[in-house]
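Scope of the values below: all heavy atoms of this structure, side chains included, with no hydrogens, waters or symmetry mates. To find a chain, count down the sequence lines: A is the first, B the second, and so on, and within it residues start at 1.
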Amino acid sequence: MLDLKQVRQDTQDIARRLARRGFSFDVEAFTELDAARKAADVESQALLAERKQASKKIGELVQSGVAVDEAKRSVNETLDKIASEIDAATEKARAAGAAIEALLLAVPNLPADDVPEGSDESDNVELARWGSAREIANPRDHVDIGEALGGLDFEMASKLTGARFTVMQGGLARLHRALIQFMLDMHTNTHGYTEVYVPYIVNGDSLRGTGQLPKFGEDLFKLHHDPDYYLIPTAEVPVTNLARDRIFEAEEMGEGLHFVAHTPCFRSEAGSHGRDTRGMIRQHQFEKVELVSLVPPGQSEARLELLTSHAEAVLQALELPYRKVLLCGGDMGASARKTYDLEVWLPAQDTYREISSCSDFGDYQARRMQARWRDPDTGKPALLHTLNGSGLAVGRTLVALLENGQQADGSVTLPAALAPYLGGTVTLEP
RNA sequence: GGAGAAGUGGCCGAGUGGUCGAAGGCGCUCCCCUGCUAAGGGAGUAUACGUUAAUAGCGUAUCGAGGGUUCGAAUCCCUCCUUCUCCGCCA
């Protein structure tokens, strides 16, 4: 969330900047709530101070030998007067504080200055293209290719569970697993990330930390458990929350903490919009290799470029044509202040589709989860900056490899980089 | 799942109803001393909110979380969470 102090100070400016991402910030409502909170705060604090003084006085008298009843009598007047007011005043202050908190939690992050204005994906800006699509006459989509290979079965999955799930077997299941290993190895061996294994089920605090709650609960699979448990929608949640309520020393922070994790991701919203009903583009369950960076403030902009390049390196190694897109304000996730999407070329769809999303969150998530480090210059705890990006979405990578590697004879040719992970072969035969 | 023990500041660790935001130690910062190294002396060292020009003062809150008792709670009571030990179960 945003810094309450900053919002209070630069209210108009904040509202103007939020408007660039299509969020209308109710300045009047905020100002009113904040004033009410302040008034309630001052009132309850004054009453508490009064009671504290009176109690202290009783304590002093008792210590000096005065009987307790006697001591109480001497300050009774004050206490009687305020006893009834304190409950009401503190409750009022608590409610007013909660109201501000709720309002603030619903406000998205301020977009970075270079984020283009716009309301939806049509206002996104294409920055670069890499690779060139191979000419494929009458390209088949991954569903046809996968079923022809005998490795992709959506009907079986719907029998086991329902719509929006996949069963893979044989060479495809192996390719799927190989992709995960390949990505993890690249990020740990050449990009310097630390691999972590994390829970796939998280609590509400973690989801509030990264911003999925309170606003986007309908996108989550919630378990029957008390207290509330949720299946993770992305590894971003457990991995970023590794820093929740922590203060890192400058030495352990170094140039930043960089984690990579492979996890399944569970999304309930997928499918409710009727988009991508065919194939494994949009599933309730999919695998992702996720990059998460926690860096000292001021370093997140540079880190975003680096992190994005790490995701690009996977696409390049897999020889998949893609483009890099800068999201406009209206298309970004609420917590992000700047996001690059990497979109891979899908011949059958004759278009680029998102395969990675890399975002800089500034201190927005860190403030929610109180992820801090001890700033060596001041000696004081200061909020970290957080980033994450997919490196890559595994299911969609598989789709892209099938569609881009398809041959006229029904086989699929895979990039050489995968050979070590596939027992030396780079061809999938029907 | 059962039985016990414990959760205090960056860390360790005192504190069972009163002036305790909290002794002491470690770590850290500044100063002094010391011709190296090591050691020594002194001062300071939580966070949030409010007030303020102020990162100065002052006020309020915070001792796992939430309730309760009390004029007053780190301290007493209740519920929950977590950790540890033992038992059960289990990949």
Side-chain angles (χ1 to χ4, degrees), chain A residues 1-9 30-31 33-105 197 199-209 223 225-230 238 241-254 296-297 363 366-384:
Chain A
M1 62 183 167
L2 300 180
D3 181 11
L4 177 59
K5 254 186 202 157
Q6 196 196 351
V7 175
R8 189 178 294 144
Q9 223 159 51
F30 170 80
T31 311
L33 268 181
D34 192 44
R37 183 197 56 85
K38 196 180 285 189
D41 230 35
V42 168
E43 189 191 341
S44 72
Q45 284 191 13
L47 288 168
L48 286 168
E50 221 177 308
R51 182 180 71 183
K52 196 172 185 179
Q53 285 307 316
S55 293
K56 199 176 262 187
K57 206 161 162 191
I58 294 177
E60 282 166 14
L61 289 171
V62 170
Q63 290 292 299
S64 68
V66 179
V68 177
D69 287 350
E70 183 79 10
K72 280 171 75 170
R73 214 169 299 131
S74 72
V75 291
N76 243 349
E77 224 176 299
T78 327
L79 290 170
D80 283 351
K81 183 168 68 88
I82 58 177
S84 55
E85 301 171 23
I86 281 184
D87 279 352
T90 51
E91 169 54 26
K92 201 167 137 194
R94 192 206 57 77
I100 279 281
E101 170 99 2
L103 187 148
L104 222 49
L105 274 176
Y197 173 83
Y200 303 157
I201 296 173
V202 292
N203 58 32
D205 284 342
S206 293
L207 289 158
R208 269 182 290 278
L223 302 180
H225 185 275
D226 186 29
D228 290 343
Y229 277 176
Y230 304 82
N241 273 281
L242 290 173
R244 172 150 56 86
D245 291 325
R246 284 192 62 179
I247 301 173
F248 292 95
E249 295 302 329
E251 309 85 69
E252 53 183 334
M253 197 64 216
D363 62 11
R367 184 171 295 104
R368 282 174 171 240
M369 67 173 81
Q370 287 300 297
R372 296 176 291 175
W373 77 317
R374 193 167 295 278
D375 187 332
D377 292 335
T378 64
K380 301 272 183 201
L383 294 172
L384 295 173

Participant: A61(B) pairs with which nucleotide, Watson-Crick or G-U wobble, both distances below 3.5 Å?
Facilitator: U47(B)
Participant: With rounding to the closest Å, how many angstrom separate the C1' atoms on U45(B) and A38(B)?
Facilitator: 25 Å
Participant: Counting only Watson-Crick or G-U wobble pairs whose two distances fall under 3.5 Å, which nucleotide matches A73(B)?
Facilitator: none
Participant: Find the distance E60(A):CD to C20(B):C1' and express it as a whole number of Å.
Facilitator: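 Distance check: E60(A) CD to C20(B) C1' gives 14 Å.
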Participant: Let me spell it out: for each of P227(A) and V62(A), pick the nucleotide of RNA chain B with the closest heavy atom. Which residue's pick is nearer the 5' end?
Facilitator: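 Mapping each residue to its closest nucleotide by heavy atoms, the 5'-most match is V62(A).
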Participant: Can any side-chain N or O of D69(A) pair as donor or acceptor with the backbone N or O of K72(A) at less than 3.5 Å?
Facilitator: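 Judged by distance alone, no pair lies under 3.5 Å.
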Participant: First locate atom CG of N241(A), then atom CZ of R208(A), and finally report the distance between them rounded to the nearest 0.5 Å.
Facilitator: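 N241(A) CG to R208(A) CZ: 10.5 Å, rounded to 0.5 Å.
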Participant: At under 4.0 Å, does any side-chain N or O of K56(A) touch on OP1 or OP2 of U19(B)?
Facilitator: no
Participant: My understanding is that a pair needs two contacts under 3.5 Å, Watson-Crick or G-U wobble. By that rule, which nucleotide pairs with G40(B)?
Facilitator: C32(B)
Participant: Specify the separation, in whole Å, of atom CG of D375(A) and atom C1' of G10(B).
Facilitator: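 Atom CG in D375(A) sits about 15 Å away from atom C1' in G10(B).
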Participant: Please determine, for G24(B), whether a Watson-Crick or G-U wobble partner exists with both distances under 3.5 Å, and give it or none.
Facilitator: C12(B)
Participant: Report the distance from atom CG of D245(A) to atom P of U62(B), rounded to the nearest whole Å.
Facilitator: 18 Å
Participant: Sticking with atom P, work out how far A6(B) lies from A14(B), rounded to a whole angstrom.
Facilitator: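 It comes out at 12 Å once rounded to the nearest Å.
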Participant: Can you check the R246(A) CZ to G64(B) P distance for me, whole Å?
Facilitator: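 Answer to the nearest Å: 20 Å.
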Participant: Tell me: NZ of K72(A) to C1' of G72(B), nearest whole Å?
Facilitator: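 After rounding, the gap between these two atoms is 10 Å.
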Participant: Mark up nucleotides 46-60 of chain B, 5' to 3', with B wherever a protein heavy atom is under 4.0 angstrom from a base atom, S wherever such an atom reaches only the sugar-phosphate, and - elsewhere.
Facilitator: -S-BSS-------BB
Participant: For atom C1', what is the distance between G9(B) and G17(B), given to the nearest Å?
Facilitator: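 Nearest-Å result for G9(B) against G17(B) at atom C1': 23 Å.
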Participant: For the CG atom of D363(A) and the CZ atom of R368(A), what is their distance to the nearest 0.5 Å?
Facilitator: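 It is 12.0 Å, given to the nearest 0.5 Å.
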Participant: Between D34(A) and R37(A), does any NZ, NE, NH1 or NH2 come within less than 4.0 Å of an OD or OE carboxylate oxygen?
Facilitator: yes
Participant: Please step through side chain to side chain contact (heavy atoms under 4.5 Å, CB included) for the pair H225(A) and I201(A), ending with a clear verdict.
Facilitator: CA-CA 11 Å; H225(A) 185 275; I201(A) 296 173; over 6 Å; no
Participant: Taking the C1' atom of each, how far is A53(B) from C58(B), in whole Å?
Facilitator: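 Per the computed distance, 16 Å lies between those C1' atoms.
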Participant: To the closest 0.5 Å, what do you measure between CD (E70(A)) and CG (L61(A))?
Facilitator: 9.0 Å
Participant: Answer yes or no: is there a side-chain heavy-atom contact under 4.5 Å between E43(A) and E85(A)?
Facilitator: no
Participant: For D69(A) and G18(B), give me the distance from atom CG to atom C1', rounded to whole Å.
Facilitator: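 Distance, rounded to whole Å: 16 Å.
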Participant: Which value, in whole Å, describes the distance between the C1' atoms of nucleotides U8(B) and C20(B)?
Facilitator: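 That atom pair is separated by 12 Å.
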Participant: Please give the distance between the P atoms of A5(B) and C89(B) as a whole number of Å.
Facilitator: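 Per the computed distance, 24 Å lies between those P atoms.
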Participant: Search all heavy atoms of I247(A) against all heavy atoms of W373(A) and return the closest pair with its distance.
Facilitator: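 What the structure gives for the nearest pair is CG2-C, 4.1 Å.
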Participant: In whole angstrom, give me the gap between the C1' atoms of G15(B) and G7(B).
Facilitator: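 Here G15(B) and G7(B) have their C1' atoms 15 Å from each other.
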Participant: When you check the gap from the basic side-chain N to the acidic O, do R94(A) and E91(A) get nearer than 4.0 Å?
Facilitator: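 The answer is yes: the pair qualifies as a salt bridge.
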Participant: Is there a Watson-Crick or G-U wobble partner for C86(B) with both distances under 3.5 Å, and which nucleotide is it?
Facilitator: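 Its partner is G2(B).
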Participant: Going by purine N1 to pyrimidine N3 plus the second Watson-Crick contact, or the G-U wobble pair, all under 3.5 Å, which nucleotide sits opposite G7(B)?
Facilitator: C81(B)
Participant: In the structure shown, which nucleotide is the Watson-Crick or G-U wobble counterpart of G17(B), with both distances under 3.5 Å?
Facilitator: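 None - no nucleotide pairs with G17(B), as no candidate has both distances under 3.5 Å.
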Participant: So which nucleotide does A91(B) pair with, by the Watson-Crick or G-U wobble rule with both distances under 3.5 Å?
Facilitator: none
Participant: When rounded to the nearest Å, what value does the distance between C1' atoms of G21(B) and A48(B) take?
Facilitator: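 Roughly 13 Å separates the two C1' atoms.
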